[in-house]
Amino acid sequence: MSSSTRQSLHPGLNLGEEHGDDHLEAETSVFGFWVFMMSDLVTFGMFFAVFATTMPLPCCPGPKELFDLGSVAWQTAFLLASSLTSGMAILTLKQEHAAQGACTKKLVFWLLVTVLLGCGFLYREISDFISMAAAGGPPTRSGYLSALWSLVGLHGLHVTGGLIWCLVIVAGILVRGVDLRWKLTLLRWAVFWHFLDVVWIAIFSFIFLGGLL
Amino acid sequence: MEKNKEFRHYLIGFVLATVLTIIPFTLVATVGGKITFFVLILCAILQLIVHLRFFLHLAFKGQQREDLQLVLFTGLILLIMVGGSIWVLGDIYNRM
């Protein structure tokens, strides 16, 4: 009960007091990662600003010809579900790995499910890129298309990076067990993964749905 | 008890986020128009808050102030840079 009233030093995801010294260590290192995440958010914000100041030209296909609402819905579903499963992984870490040497099966399971969902997202996104290029909307065609491809592509690159990072973590905890180093890495990765879903909210709302209105 | 509470927290967040995703997608596919645009913005902002609250566990109480300042300061930077760019370029567009 006391843990619900205790002061948490830094925002968001943490390990909890059962983890002892690891908990304190995590508070500061995760906060450091938040600082990086916020500067990354500014990068995304500037890509959004570039996109917002361009508009589809009459010469080239616009949102109605290029966007596939069904596919965007699938991508959103994949990413949202993966956010939940990554949350389950962090919950498992928090509740079952306070002592070293706990069974890693459940943790690895949730991480791999997250990777699968992330791959589903990437698959739909890449096939959308291919069909957009085929429909006469490659990034070189207009300023609007360049801004669109670079913003959505930047997010896609982040997702790809997040997936590779997750696989490295899985390999790491299978080889070394869930020690302090991998606990901290897992927390940072979870902040990163949830953050990508937050950016996706803005992308599907303003670029895809807003474009189709 | 504490364990179940944390699990429920994630589940509530997931359900809220799903609802806030389905609403704009359905409206764009069926209704469209100006009102849909405002609903779209509202749902996006609400879902943003849901994600920060239920997945990233940010809260106004139970934490020191510096983290809130970090997020708010980033919000301010974004407002100035993104809002400013759109404003300036929109103004130039209107003068052309």
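Within every chain, numbering begins at 1; the chains are lettered A, B, ... in the order of the sequence lines, protein sequences first and strands thereafter. Computed from a predicted model, the values in this text were never measured in an experiment.
Against chain B, the residues from residues 200-213 of chain A that qualify, each with a non-hydrogen atom under 4.5 angstrom away, are I201(A), F204(A), S205(A), F206(A), L209(A), G210(A), L212(A), L213(A) in number order. Below 4.5 Å, heavy atoms of chain B meet heavy atoms from T76(A), L80(A), A81(A), all part of residues 74-81 of chain A.
Taking chain B as the reference chain and counting heavy-atom pairs below 4.5 Å, the highest number among G87(A), A190(A), G45(A) is found for G87(A). Per-residue counts of heavy-atom pairs under 4.5 Å with chain A were compared for L40(B), V88(B), L89(B); the largest is that of L40(B). Annotation: maximal heavy-atom pairing with chain A below 4.5 Å, among V28(B), L20(B), I45(B), T18(B), occurs at V28(B).
Contacts classified as side chain to side chain donor-acceptor pair (under 3.5 Å) and involving residues 81-92 of chain A (residues at least two apart or in different chains) are given here: S82(A)-W193(A), S83(A)-H194(A), S83(A)-D197(A), T85(A)-T114(A).
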key: Working for side chain to side chain contact (heavy atoms under 4.5 Å, CB included), residues F48(A) and M81(B)   = CA-CA 10 Å; F48(A) 265 103; M81(B) 299 211 298; over 6 Å; no
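Looking at F7(B), both its backbone and its side chain come within 4.5 Å of chain A, counting heavy atoms on both sides. Contact annotation for I86(B): both backbone and side-chain heavy atoms come within less than 4.5 Å of a heavy atom of chain A. If you measure heavy-atom distances from V50(A) to chain B, you find no contacts under 4.5 Å at all. For a residue to count as touching a neighbouring chain, one of its non-hydrogen atoms must lie under 4.5 Å from one of that chain's; by this rule I77(B) touches chain A with the side chain only.
Inter-residue side-chain proximity for W34(A) and L56(B) is flagged as met; some heavy-atom pair is nearer than 4.5 Å.
Counting all heavy atoms, side chain and backbone alike, T53(A) lies closest to S85(B) at CG2-O, 4.0 Å. Closest heavy-atom contact between F31(A) and L70(B): CE1-CD2, 3.9 Å.
The distance from the CZ atom of F73(B) to the CE atom of M38(A) is 12.5 Å, given to the nearest 0.5 Å. To the nearest 0.5 Å, atom CG of residue L13(A) and atom CZ of residue F55(B) are 11.0 Å apart.
Among residues two or more places apart in sequence or in another chain, the salt bridge (Lys or Arg N to Asp or Glu O under 4.0 Å) test is passed with D91(B) by R95(B).
The number of heavy atoms from other shown groups lying within 6.0 Å of CZ (F36(A)) is above 12. Under a cut-off of 6.0 angstrom, the local environment of CD1 in I35(B) is sparse, with at most 12 non-hydrogen atoms contributed by other residues, nucleotides or ligands. Counting non-hydrogen atoms of neighbouring residues, nucleotides and ligands closer than 6.0 angstrom, the CD atom of E18(A) reaches no more than 12 such neighbours.
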